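Each remark here refers to the structure printed beneath this line.
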Amino acid sequence: MIRAAIAICNVLLIACLAASIAVARAQSAPPAQNLRNKQAPDFTRQDLHGHALHLAGFRGKVVLLNFWATWCAPCQVEMPIFAAWQRQYGAQGLQVIGISMDDDAAVARKLVQRLKLDYPVAMGDAHLGLRYGGVLGLPLSLLIDRQGVIRARFQGETDVKVMESQVRGLLAGR
Amino acid sequence: MRLGRGEAASFFAVLMLLCVIPGRLCAAGQWAAPLPSSASSIPTSVLLQPEELNRLLQTPTAEKPLVLQVGSRVLFAEAHIPRAEYAGPGSQDAGAQVLRNRVASLPRGTFIVLYCGCCPWNRCPNVGPAYKLLLDMGFTHVKVLYLADNFGADWVNKGFPVESAH
């Protein structure tokens with residue numbers, strides 16, 4: 001009887017400890033930096049025009065995956081530049097993909113129209129953010145090579161010249 | 001009044017700088033940036049550093065603030081400060097209404113900490129309006145968590161505790 005009670009107490013104790021550790025360290029995904037040189041997590045979404053957007057479908061291209069939101073001022077500085085790159089480098093194999101982290105697709109759609117973005121944009125969510133190691137600050141851009149491997153990560157206000165130089169390098173196969 | 005040669009040269013040099021600097025700044029970004037956020041309007045005396053808030057939350061005897069995230073619901077769902085509540089993006093009318101409703105019935109002396117961390121501090125559009133709203137409602141004990149870069153860099157990556165809705 002006493003042994004059974006002790007065993008139950010031990011189980012409860014271990015469960016409590018595990019739960020408290022889980023709450024204290026509920027960082028359910030590794031920091032995004034750790035994804036560098038790893039395969040980009042695949043996803044399928046509908047873009048804002050209702051077309052299917054499958055990341056793996058862009059294998060063979062250099063992908064600039066840009067997480068943004070309408071309330072993010074630096075994002076709005078970058079996005080027209082990315083649209084220009086899409087026009088400039090698209091024939092060489094660049095594909096820009098935007099992921100809006102807004103709560104509401106209507107506001108995202110409005111900004112996409114206002115900025116005349118002509119690359120695919122889809123809505124993101126917490127699940128997708130966590131698969132990419134936690135998108136906990138914007139803007140966040142990832143450069144994915146032709147083999148689908150994440151080669152660079154740019155967080156916050158970025159020197160676009162540096163990013164462009166890396167885009168060119170990946171397009172050239174470096 | 002006539003200017004001396006040296007004074008005139010200085011005047012024109014300053015004038016040239018005033019003309020050139022904004023142009024260079026715009027050229028660096030290639031596009032005109034949206035208006036600066038209002039986070040810089042928050043007095044430094046009410047800013048709370050991440051270490052201070054974490055200490056406060058971990059100290060059993062300390063007065064526990066009501067912690068409200070006034071940024072994105074998506075980012076909140078990914079990770080937030082334990083026991084923090086989502087209170088809508090402060091820069092949007094709908095968000096302000098969520099915040100207003102949440103605090104409407106609270107005593108005006110309630111200790112409240114606001115945070116966002118969506119973007120670099122000087123670009124955050126949410127904390128400034130949310131802070132002002134609480135002041136306008138008569139709240140007297142409001143602090144704002146200072147997150148220099150974003151919630152990920154300044155809270156999560158520093159190892160402070162977080163909860164996730166997933």
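Just so it is clear, the structure is predicted and the values come from calculations on it, not from any experiment. Throughout, a chain's letter reflects where its sequence line sits, starting with A, and its residues are numbered from 1. Basis for what follows: all heavy atoms, side chains included, without hydrogens, waters or symmetry-related copies.
- Residue pairs meeting the salt bridge (Lys or Arg N to Asp or Glu O under 4.0 Å) criterion with at least one partner in residues 127-153 of chain B, sequence neighbours excluded, are B:Lys132-B:Asp136.
- For the 3.5 Å distance criterion, the side chains of A:Arg168 and A:Gln166 fail to qualify, holding no donor opposite an acceptor.
- With sequence neighbours left out, the side-chain hydrogen bond (donor to acceptor under 3.5 Å, both in side chains) criterion links B:Asp154 to no other residue.
- Side-chain rings of B:Tyr146 and B:Tyr115 stay apart, their centers remaining 6.0 Å or farther from each other.
- Under the side-chain contact (heavy atoms from CB on, under 4.5 Å) rule, B:Val142 has a single partner from B:Val46, B:Leu133, B:Leu114, B:Leu66, which is B:Leu114.
- B:Lys64 places a side-chain N or O within donor-acceptor distance of the main-chain N or O of B:Thr59, the cut-off being under 3.5 Å.
- Below 30°, between 30° and 60°, or above 60°: for A:Trp85 and A:Phe82 the angle between ring planes is between 30° and 60°, a tilted geometry.
- Side chain to side chain, B:Arg100 and B:Gln97 meet the donor-acceptor criterion of an N or O pair below 3.5 Å.
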In sequence, state the C-alpha distance, the side-chain angles, and the governing distance for B:Ser91 and B:Asn126, and then conclude on side-chain hydrogen bond (donor to acceptor under 3.5 Å, both in side chains).
CA-CA 5 Å; B:Ser91 60; B:Asn126 295 315; 2.7 Å; yes

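- Residues of residues 89-103 of chain A having a heavy atom under 4.5 Å from any heavy atom of chain B, listed by number: A:Met101, A:Asp102, A:Asp103.
- Scanning residues 42-55 of chain A against chain B with a 4.5 Å heavy-atom cutoff picks out nothing at all.
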